[in-house]
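One structure is given below, encoded as structure tokens.
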Amino acid sequence: MRISGDNSPESRQRGKDAILAAHEAGYNHFDHADIYGGGHCEELFAEAMSDYAITRECVLITSKCGVRFKDTPSEGLPARYDFSKQYILDSVEGSLRRLKTDYLDLFLLHRPDYLFNPDETAEALQDLVDSGKVRHCGVSNFKPSQYRLLQSRCSMPLIVNQVEVNIHNVDALLDGTLDQCQELGVTPQAWCPIGGVAYPAWGNTFTQEDEARIKVELDRQAEKYSVENWVVMLAWILKHPAGILPIVGSTTPERIRTAKKSLEINYEHEDWYRLFEARNGVQVP
Ligand SMILES: NC(=O)c1ccc[n+]([C@@H]2O[C@H](COP(=O)([O-])OP(=O)(O)OC[C@H]3O[C@@H](n4cnc5c(N)ncnc54)[C@H](OP(=O)(O)O)[C@@H]3O)[C@@H](O)[C@H]2O)c1
């Protein structure tokens, strides 16, 4: 979501360098949304694919829609979520045009529209799949009840729920989201997976004392596993049996390459709990 930066030539080159680094390091799944960089992220990705001869077949492209910013498309309109059929269909057309592709591998509904009509939204998803513009559908930031409701109206499986998971935000662990994913074979994707270490996660209310306690445990484990402390954070997420796929948001080539070390760590059950205890400030009962 940051690859286009401020859309200056320098920012755009930095974004393209990040895409190339990820591609060369073996990443094959790229996460987009109609709103990222106001559409510039999708355009830049297409440009990078062309410049670096990255073929369409070797990447999995996700995009999303449903978040509408204040004053769009005209002044005076509030920030809102929108899962109406026409908006979804139009948004996917825009993403395909910017990405210069005929299809999305995965299309996600970005954030639940409190006013959505599940029959209408399911119809839009079905149209997208029937027309070949979207291969698979999923959701993002859905609570289990919201997932169940939409899935009850869809004949296709909603194969992904992309939610925030990091050391500061473990809601998905506690509110049944990850349990539901395991029960139904839905793949959870974690957004902001290392943000919890590098910068405060969204809505983070942790005190300096909490942060210091977490850091001590992360540093201890970093030394034990011979990796950077934020790589431990990824290993902690990957340890969960739901098979969480972290969506790494770095635009720094070295960090993109280094993140892969998390896949090689034989992360111990006990260390998962040590870090959980450090973030909670108390041991489990
Ligand atoms: N579905 C949703 O609602 C939703 C919401 C937010 C994001 N997303 C998706 O998830 C992706 C990842 O989210 P995210 O970018 O917040 O997650 P992230 O990977 O946890 O954070 C990446 C950011 O943290 C910085 N960073 C990481 N480690 C660092 C370190 N050790 N020192 C300094 N800075 C460090 C990165 O800087 P560098 O670039 O310098 O590495 C980058 O700005 C996004 O790109 C987007 O595709 C989805």
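All residue numbers refer to positions in the sequence shown, counting from 1. One-based numbering, in listed order, for ligands and for the atoms of each.
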Heavy-atom contacts with D31 under 4.0 Å: which atoms of ligand 1 show up? List them by number with element. 9 (C), 46 (C), 47 (O)
Within the 3.5 Å criterion, strictly below it, is a donor on E42 or S63 matched to an acceptor on the partner's side chain? yes
E277 CD: over 12 foreign heavy atoms closer than 6.0 Å: yes
Could you tell me which non-hydrogen atom of D105 sits nearest to which non-hydrogen atom of I61, and how far apart they are? OD2-N, 2.7 Å
Just to be sure I read this right, does ligand 1 sit under 4.0 Å from the backbone of R111, its side chain, both, or neither, counting only heavy atoms? side chain
Do E123 and K85 sit within salt-bridge range, that is, some charged N less than 4.0 Å from a carboxylate O? yes
Answer with side chain, backbone, both or neither: which part of N141 has a heavy atom less than 4.0 angstrom from an atom of ligand 1? side chain
Less than 4.0 Å between a side-chain N and a carboxylate O, is that true for R14 and D17? no
Which of these, T258, I256, T251, has its nearest heavy atom closest to atom 39 (O) of ligand 1? T251
Which of the atoms of ligand 1 are close to T252, meaning less than 4.0 Å from one of its heavy atoms? 38 (P), 39 (O), 40 (O), 41 (O)
Hey, looking at atom 17 (O) of ligand 1, which of G5, A18, C192, A190 has the closest heavy atom? C192
Pick from H110, Q189, R14, R255: the one approaching atom 33 (C) of ligand 1 most closely through a non-hydrogen atom: R255
With no hydrogens and no angle check, just 3.5 Å: does a side-chain donor-acceptor pair link E211 and H168? yes
Heavy-atom contacts under 4.0 Å between S140 and ligand 1: side chain, backbone, both, or neither? side chain
Just do the side chain to side chain contact (heavy atoms under 4.5 Å, CB included) check on H110 and I35 with the steps written out, would you? CA-CA 10 Å; H110 205 154; I35 54 169; 3.9 Å; yes
If the cut-off is 4.0 Å to any non-hydrogen atom of W230, which atoms of ligand 1 fall inside it? 31 (N)
Would R56 pass as a cation-pi partner of Y103, given that its NZ or CZ must be under 6.0 Å from the six-membered ring centre and within 45 degrees of the axis? yes
Between F30, Y36, W191, which one has a non-hydrogen atom sitting closest to atom 46 (C) of ligand 1? Y36
State plainly whether the residues R220 and D271 are in salt-bridge range, i.e. N to O under 4.0 Å. yes
With respect to V248, determine whether any N or O atom, backbone or side chain, lies less than 3.5 Å from an N or O atom of ligand 1. no
For I247, take its heavy atoms, then give the atoms of ligand 1 lying under 4.0 Å from any of them. 10 (O), 11 (C), 12 (C)
Check for me whether K64 has a heavy atom closer than 4.0 Å to any atom of ligand 1. yes
Counting only heavy atoms, tell me which of E254, M1, Q162 gets closest to atom 1 (N) of ligand 1. Q162
Quick one: are the ring centres of H32 and F45 less than 6.0 Å apart? yes
Quick check on M233 - does any of its heavy atoms sit under 4.0 Å from an atom of ligand 1? no
Quick look: R2 vs ligand 1, heavy-atom contacts under 4.0 Å, and the answer is side chain
